2 protein chains.
Amino acid sequence: MKTVEKSDAAPDPLAHLLGYHLRRLSVVVMADLTEALCPLGLKPADASVLFMIEANPGITQSDVGKALGILRANMAPLIAGLLGRGFIEREPVDGRSHALRLSAAGAALCLRAKSAVGRHEDRVFSSLSKGARARMISQLRALWMERQ
Amino acid sequence: MKTVEKSDAAPDPLAHLLGYHLRRLSVVVMADLTEALCPLGLKPADASVLFMIEANPGITQSDVGKALGILRANMAPLIAGLLGRGFIEREPVDGRSHALRLSAAGAALCLRAKSAVGRHEDRVFSSLSKGARARMISQLRALWMERQ
DNA sequence: TATTGTTATACTCTATAACTATA
DNA sequence: TATAGTTATAGAGTATAACAATA
């Protein structure tokens with residue numbers, strides 16, 4: 001079989017680097033996700049926090065941050081924004097930590113966000129079979145968790 | 001076969017999202033690459049530009065930017081830095097664009113950078129077989145190029 | 001009129017440090 | 001002494017707009 005020549009394209013000295021393709025794909029996927037969530041008034045970090053609170057009602061702010069790799073200092077304004085917009089509620093569990101839960105509005109928004117994210121993933125990864133997608137998830141997950 | 005229960009870990013509502021794992025892995029890989037290049041006084045973007053110029057001597061600044069997804073406005077200070085440190089040279093090709101080449105010092109640095117990046121990739125992706133690595137490269141590359 | 005390169009600038013993300021109050 | 005949350009702030013990366021010089 002004859003291979004296709006890229007006669008006009010410049011040689012790409014990064015083509016053999018997995019990390020490079022990981023980075024390029026991550027950038028375009030994040031851009032698409034940001035656009036998909038924008039109509040809901042959410043950024044990717046907002047949505048990930050809502051999902052984490054929905055799945056773990058009563059979780060504390062710092063535990064959300066630990067799970068998502070977001071520093072405490074950066075969680076504070078993020079949570080303040082979701083509180084201020086009425087999407088989450090919190091009650092003290094001891095004097096320093098607060099249990100987080102979705103409000104009714106937050107739960108409704110979370111539903112719409114999950115739908116938007118699902119459509120986003122189907123759009124961006126449509127060229128991968130279900131099996132290829134699952135295999136890639138397990139490989140990527142194992143790789144980042146071993147350095148976490 | 002009995003599956004392992006994650007009795008103490010919080011449910012992870014993002015576990016099924018390929019984009020999430022892509023992002024988390026990209027972050028840790030970039031952090032490792034940054035650390036690997038730091039002793040050479042290079043950042044990942046610097047190294048990618050050096051590699052592109054080495055593989056395409058005479059390439060213009062804007063074509064480097066197009067190939068790497070870096071805006072012209074952001075290429076200017078990057079190139080100025082490499083010029084100022086004597087790693088690249090440039091000569092006018094017409095009145096507005098310049099052909100870029102590595103200097104001798106730049107070529108030597110490039111060699112060391114390639115070695116550092118190679119060791120970085122071997123370290124970070126050591127748990128993937130050669131075949132799995134190649135398959136993942138071709139899948140990731142196809143995915144980001146279809147949105148480029 | 002379009003392109004190359006430059007400057008200035010703004011915005012987002014991420015990181016550190018310092019502080020409080022609680023345990 | 002360690003932890004939860006907050007604030008302030010600094011740095012990197014990335015984005016837009018405007019400009020000069022040239023094609």
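Quick note on labels: first sequence line is chain A, next is B, and so on, each numbered from 1. Quick caveat, the model's predicted, so the values are computed rather than measured.
By the 4.0 Å N-to-carboxylate-O rule, A:E91 lies close enough to A:R101 to be salt-bridged with it.
B:E35 CD: 12 or fewer foreign heavy atoms inside a 6.0 Å radius. Remark: B:R112 CZ is loosely packed, at most 12 non-hydrogen atoms of other residues, nucleotides or ligands lying under 6.0 Å away. By the neighbour-count criterion of 12 heavy atoms within 6.0 Å, atom CZ of A:R123 is densely surrounded, having more than that number from other residues, nucleotides or ligands.
Put simply, CD1 on A:I79 is 9 Å from P on D:dG5, counting in whole angstrom units. Atom CG of A:L83 and atom C1' of D:dT6 are 13 Å apart (whole Å).
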**OP:** Please lay out, stage by stage, how B:D63 and B:K66 fare under the test salt bridge (Lys or Arg N to Asp or Glu O under 4.0 Å).
**Re:** CA-CA 5 Å; B:D63 282 341; B:K66 282 170 196 158; 3.8 Å; yes
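Interface residues of residues 60-75 of chain B facing DNA chain D, ordered by number: B:L71, B:A73, B:N74; criterion, heavy-atom separation under 4.0 Å. Less than 4.0 Å separates DNA chain D from at least one heavy atom of each of the following residues of residues 27-46 of chain B: B:K43.
Nearest-nucleotide assignment on DNA chain D puts the 5′-proximal partner with A:D94, out of A:D94 and A:A80. With DNA chain D read from its 5' end, the first of the two nearest nucleotides for A:R23 and A:S97 is the one closest to A:S97.
B:H120 and B:V29 make their closest contact through CE1-O, 3.3 Å (heavy atoms, listed as atom of the first residue, atom of the second, distance).
Reading DNA chain C from its 5' end, the first and the last nucleotide to sit under 4.0 Å from a heavy atom of chain B are C:dA2 to C:dT14.
With no hydrogens or angles considered, no side-chain donor-acceptor pair links A:S129 and A:R133 at under 3.5 Å. The closest side-chain donor-acceptor pair between A:R72 and A:Q61, if any, does not fall under 3.5 angstrom.
Proximity of a side-chain donor or acceptor of B:D32 to a complementary backbone N or O of B:V124 within less than 3.5 Å is not detected. Put simply, the side chain of A:D46 gets close to the backbone of A:K43: a donor and an acceptor are under 3.5 Å apart.
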